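Remember, it's a predicted structure, so these values are computed and weren't measured experimentally. Naming: A, B, ... by sequence-line order, numbering from 1 per chain.
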Number of protein chains: 2
Amino acid sequence: MNITSIIAAIPLFEGLTQQQCESLGAIAVRRNYSRQQSLFSEGDESNGFYIILTGKVKIFKLSPEGKEQILHIMGPGEPFGEAAVFAGEHFPASARTLAESKVLFFPRLSFVALITKNPSLSLNMLAFLSRRLRRLTSLVEDLSLKEVPGRFAAYLLYSGKHKNDPDVIELGISKNQLAGLLGTIPETLSRILKRMSQEKFIKAGVRHIQILDREGLRELSEGRRRLS
Amino acid sequence: MNITSIIAAIPLFEGLTQQQCESLGAIAVRRNYSRQQSLFSEGDESNGFYIILTGKVKIFKLSPEGKEQILHIMGPGEPFGEAAVFAGEHFPASARTLAESKVLFFPRLSFVALITKNPSLSLNMLAFLSRRLRRLTSLVEDLSLKEVPGRFAAYLLYSGKHKNDPDVIELGISKNQLAGLLGTIPETLSRILKRMSQEKFIKAGVRHIQILDREGLRELSEGRRRLS
DNA sequence: GTTGCGCCTTGACTTAAGTCAAACTTCAAT
DNA sequence: ATTGAAGTTTGACTTAAGTCAAGGCGCAAC
């Protein structure tokens, strides 16, 4: 498929002219990764950023003892690694595919040259960074001010990962990875799943969670209630 | 003092021409706040962003039970509230002065108009947002992967709040506020201060902390060692 | 099919850090 | 200097969640 039309369909590049998309296409590099492949590691020198075309990539931090905190899971259309382009030289976290993935890579220097000439591109980029900042803020809030059941309830309510039925959440990742995203460990998540099922907040399947008591989950997520 | 020269001295506006600084000056509004005054609260509608001239402002989240997580403490020259200008309509956190403060306020619409015409201003803004993102990433890492002594050790090593002697940290905020910044509560911080003093990592004063064993602190912050 | 390897669950135990309550210190304002 | 409020410390207690270890489940490959 033609790279210009691929680029025109990416949210970050919304509103750009055909010609601007062509200049972006001229500097973009396609890359393919298999499952469980590392794109970069924390501390690596940054020479550009990525946009996912297909697949799934996690951005994460590892503790020396091996615990993993996932900062974000990126899907098709989402950019990552941009902050390192504008701020510093090295990546503050690591990136690894969770599934076979195709991405576009934009080399740093050529991209910075383009962005200085395209006000709407830089405004788009500012909007994306700002939204990322907001999400991280909410992760900090969860980690610091909520208990694990509250974090999980918030995830169910606001992750937007439902299919047709708004009450059925498609996890799309393993419960191990979900634990890492919630800032906990698989054992704890498993126990909470069990308790929340017993208390009829949810019905937990292998790959889906069904919401039974939306209001109850809201109370849990806001700390107005706790599991007994 | 003349507003154009004030603006020219602000890091966010570095590299702008005299004329560009004048247009910024034309839209900026000076505001003064006394101690412990709220600038905005989480959820408020955003109509612009701020830059501190003098004083100190904390950006924070509150849990329903009243625990406070400080996201950042801003000092002179630092902008805040910008993310809401580019991403959404409402502030994701609250802001309150920790001391009497003078700030510049930039109304949203006029500023967005200016930034579309000034590539170097938008690059500066991108750099600031990216750095903010990096700091939040590191806060997430601390909260999720480190214990409180490790967070505090990292704060001592990397906050950059030393005066002449690089081994003496000027806190500049109350220990209550520091606890909020580290994602804990005053009692816990107090106990850790005591233990770290007993074990000769630091010497704790009212307003300063003296570093006695830098390497030990590094080991604590990286999880290679723990308090006994 | 059967084998094997991740993924997931469960139980028993440990522990870091929070809660509650009381007392002490500091400091700004009268 | 006196007062009072805020900041800080300490002790006793509770608890959420992590660790360790064992066993079960499920899917993919042979």
Participant: What nucleotide among D/dA17, C/dA16, C/dT19 has an atom nearest to a side-chain atom of B/R226?
Facilitator: C/dA16
Participant: Does one side chain, of A/S34 or A/Q37, offer a donor that lies under 3.5 Å from an acceptor on the other?
Facilitator: yes
Participant: When only distance counts, do a donor and an acceptor, one from the side chain of A/R195 and one from the base of C/dT9, lie under 3.5 Å apart?
Facilitator: no
Participant: What's B/V148 touching, base or sugar-phosphate or nothing? Going by heavy atoms closer than 4.0 Å.
Facilitator: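 Sugar-phosphate only.
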Participant: Taking 4.0 Å as the cut-off, does a side-chain nitrogen or oxygen of A/R35 come that near to OP1 or OP2 on D/dA28?
Facilitator: no
Participant: Would you tell me if any nitrogen or oxygen in the side chain of A/S174 comes within less than 4.0 Å of OP1 or OP2 on C/dC7?
Facilitator: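 Checking A/S174 against C/dC7: no side-chain N or O falls below 4.0 Å of OP1 or OP2.
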Participant: Mind calculating the distance between CG (A/L193) and C1' (C/dC8) to the nearest angstrom?
Facilitator: 10 Å
Participant: Do you know which two heavy atoms are closest between A/K61 and B/T137, and how far apart they sit?
Facilitator: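 It is CE-CG2, 3.5 Å.
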Participant: Taking only side-chain N and O atoms of A/K67, does any of them lie within less than 4.0 angstrom of OP1 or OP2 on D/dT19?
Facilitator: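 For A/K67, the contact criterion (side-chain N or O under 4.0 Å from OP1 or OP2 of D/dT19) is not met.
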Participant: Assert yes or no for the condition that the ring centre distance of B/F60 to B/F80 is strictly below 6.0 Å.
Facilitator: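 No, the ring centres sit 6.0 Å or more apart.
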Participant: Is there a side-chain contact between A/T184 and the phosphate of D/dG18, meaning an N or O under 4.0 Å from OP1 or OP2?
Facilitator: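 Yes, A/T184 has a side-chain N/O under 4.0 Å of OP1/OP2 on D/dG18.
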Participant: Measuring from the side chain of A/R191 (C-beta onward, heavy atoms only), which nucleotide among D/dG18, C/dG18, D/dA16 has the closest atom?
Facilitator: D/dG18
Participant: Name the closest nucleotide to the A/E187 side chain, picking from C/dA17, D/dA17, C/dT10.
Facilitator: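 Per side-chain heavy atoms of A/E187, the pick is C/dT10.
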